[in-house]
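Input: a single structure, listed below in structure tokens.
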Number of protein chains: 2
Amino acid sequence: MAFQHRHRPSRRRSLDFARDDNEMTALFQTRITELFGLRLPVLAGGLQWLATPDYVAAAAQAGICGFITAASYEDIADLRTAIRRCRDLSEGKPFGVNVSMLPKLVQGERTQAVFDLIVEENVRFVETSGRNPAAYLPALKAAGITVVHKVPAVKYALKAEAEGVDAVAVVGAECGGHPGMDMVGTMVQANVAAAKLSIPLLVGGGIGTGAHLVAALALGADGVVVGTRFLVAEEIWAHADYKQKLIEADETETTLILSSLRNTARVLRNEATATVQALESNGAGIEALMPHISGKVGREAYRTGDWSKAALSVGQSVAFADRIEPLAAIIARFEDEARAALARLKGLSEP
Amino acid sequence: MAFQHRHRPSRRRSLDFARDDNEMTALFQTRITELFGLRLPVLAGGLQWLATPDYVAAAAQAGICGFITAASYEDIADLRTAIRRCRDLSEGKPFGVNVSMLPKLVQGERTQAVFDLIVEENVRFVETSGRNPAAYLPALKAAGITVVHKVPAVKYALKAEAEGVDAVAVVGAECGGHPGMDMVGTMVQANVAAAKLSIPLLVGGGIGTGAHLVAALALGADGVVVGTRFLVAEEIWAHADYKQKLIEADETETTLILSSLRNTARVLRNEATATVQALESNGAGIEALMPHISGKVGREAYRTGDWSKAALSVGQSVAFADRIEPLAAIIARFEDEARAALARLKGLSEP
């Protein structure tokens, strides 16, 4: 193992990874690097409104795989434009589309149209979540598309494996967005999932440093899914005030809402989420909550930078979001951290 | 690194660790193995009613450090007897006493008497929790006692470090018993704690396999604290029906109670905890809750094996408690799992 730290590559050099033999030395080879054709076994999971072609292409150029989030595009034609732009920017490197099938967010008809578009546009990778993708799998498999299904509990992962997805991402209670109802921590869930599943496994929830990647691999995973940690990347279009808030927030500044609707979400704790929690404890239904939790309110908060006014998905790994910089720089540090964690283990076990 | 698996030692052989040069090869040397004089950087945390001299001595003989739980003994004279019995059974190997200073459990006068006894009996290791042990530290330090303070959040760990404890154990949301109010997962908290603390760090909460030890060390910890995983050891005196329930339970079968009293506890989900949750949602105070949560009700449940009748501290790592066997056998498997996790990382990073 090449344990010595290398100098952090400049942005220019990091874009040259695929052409530089030295830089090509991959830190890990796992079933996920093989399945996706990646330099690092890391997926940048879908982020509503934020996982745009520029962000996803930056992930591709840095040697990981990101996913344009279909739910960010009301008009299918706009999603098509985004996919084409991402393909241009990615220069043949891997990227995908995220399809959240939460019934409240996306109607069935719309979901079918999104998958049709994905096939038409020859997208190679899809991240699904929210419901079992079984109904859409035959068409996706026929098109040679690799499907990774993201779930908050091992029981759903086992179901997806039985249905024939190519890989699963199991996210723990720490994750931003939807951790499910059982609230099992990533440390426990990763190891349970690895023991029960046969297909390639990614774990997510609380993954914020390269040390977490090493920990996840030690627990039996083949890679990790990262969301929150990457929100402060330069390529994320949200307002700098929002990113600054993430930089200042520590691991205790997320909170849970919508458990009363059995649709628990982990979000940044703020004025809006306090209001939602008060409404929920008074028995409010979805209609009363929508003005605070709707996607469009969130989009507006990202635009203005007023992070207090909407329920914004943020995981506990916000603790590790420490500066605004290009995604390639975040990923280079992530890789350095992973090397350091391996070196630490080597030092402790070969004193 | 010696990555090959060795045959699981028989109980007899495992008791010979200290005299067998082959078996003595420690898998890890960390600040915790050095501070406590251990073969593995693992502490068996205090367990009210259950961490008896027999259990704690079995931990000592297996090369880790356990703690007799002072709160299990109403009479100080009985605690003295327990300490002496444990010393005999441990044959000079490390063991300690756990002192929970939660105000509701132990009065200040009683706490002073416990610490006086610990000094008198020349106990070398103490695990404190519940409140900052600052007031008692001068006497403990003067007696040359090593103090590890267990906390559910990094802010308390920093405070304890400033007060002069020798090590801290930071437990995440997955832990049985008291995870604190922030509910930060172990995966996140371990790494935050490692970045902020200077003294030796243990992490707990969701630690159930040797792979978790490797993960924790990768995240910057010097060792782990284990509770739930060891509850199915033969040396735990609780009824076999209770252990059988733990063997059958998966990671989703714990629940949280007493958040309404700002004293959140993670316990086995059962009839008693459903009652407690119903009472809490109706605004019940501690008096109404006590018949279900008192320590004596718990002790009776351990005695009879009727696990449905009390709030019993259990963490999410119950998922890994898979059979009743001697503690030495559990720890031997834990070590094998750690070796396998190291071998896995080596294989993935040196393909």
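From a predicted model like this one, the values you see are computed outputs, not experimental measurements. Within every chain, numbering begins at 1; the chains are lettered A, B, ... in the order of the sequence lines, protein sequences first and strands thereafter.
- Each of A215(B), A153(B), G206(B), A216(B) has some count of heavy-atom pairs under 4.5 Å with chain A, and the biggest count is that of A215(B).
- With chain A as partner, the option from V184(B), T252(B), T209(B) having the largest number of non-hydrogen pairs under 4.5 angstrom is V184(B).
- Closest non-hydrogen pair, M183(A) versus Q316(B), comes out as O-NE2, 2.9 Å.
- Of all the listed residues (P41(B), A218(B), G208(B)), the one sharing the greatest number of non-hydrogen pairs under 4.5 Å with chain A is A218(B).
- For the atom pair CD of Q189(B) and CD of E174(A), the computed distance is 10.0 Å after rounding to the nearest 0.5 Å.
- Heavy atoms of E251(A) lying under 4.5 Å from chain B belong to its backbone as well as its side chain.
- The two atoms that bring S349(B) and L342(A) nearest to each other are CB-CD1, 4.1 Å, heavy atoms only.
- Among G220(A), S317(A), G172(A), the residue with the largest count of heavy-atom pairs under 4.5 Å with chain B is G220(A).
- The choice from T30(B), V154(B), N191(B) that makes the most heavy-atom pairs within less than 4.5 Å of chain A is N191(B).
- Between chain A and the options L219(B), T186(B), T254(B), I207(B), heavy-atom pairs under 4.5 Å are most frequent for L219(B).
- Using a 4.5 Å cut-off between heavy atoms, A319(A) touches chain B through its side chain atoms alone.
- The greatest number of non-hydrogen atom pairs below 4.5 Å with chain A, out of D222(B), L217(B), V214(B), is found for L217(B).
- Considering all non-hydrogen atoms of both residues, H212(A) and M187(B) come closest at NE2-O, 2.8 Å.
- Ion pairing between D250(B) and K155(A) fails under the 4.0 Å rule for side-chain N and carboxylate O.
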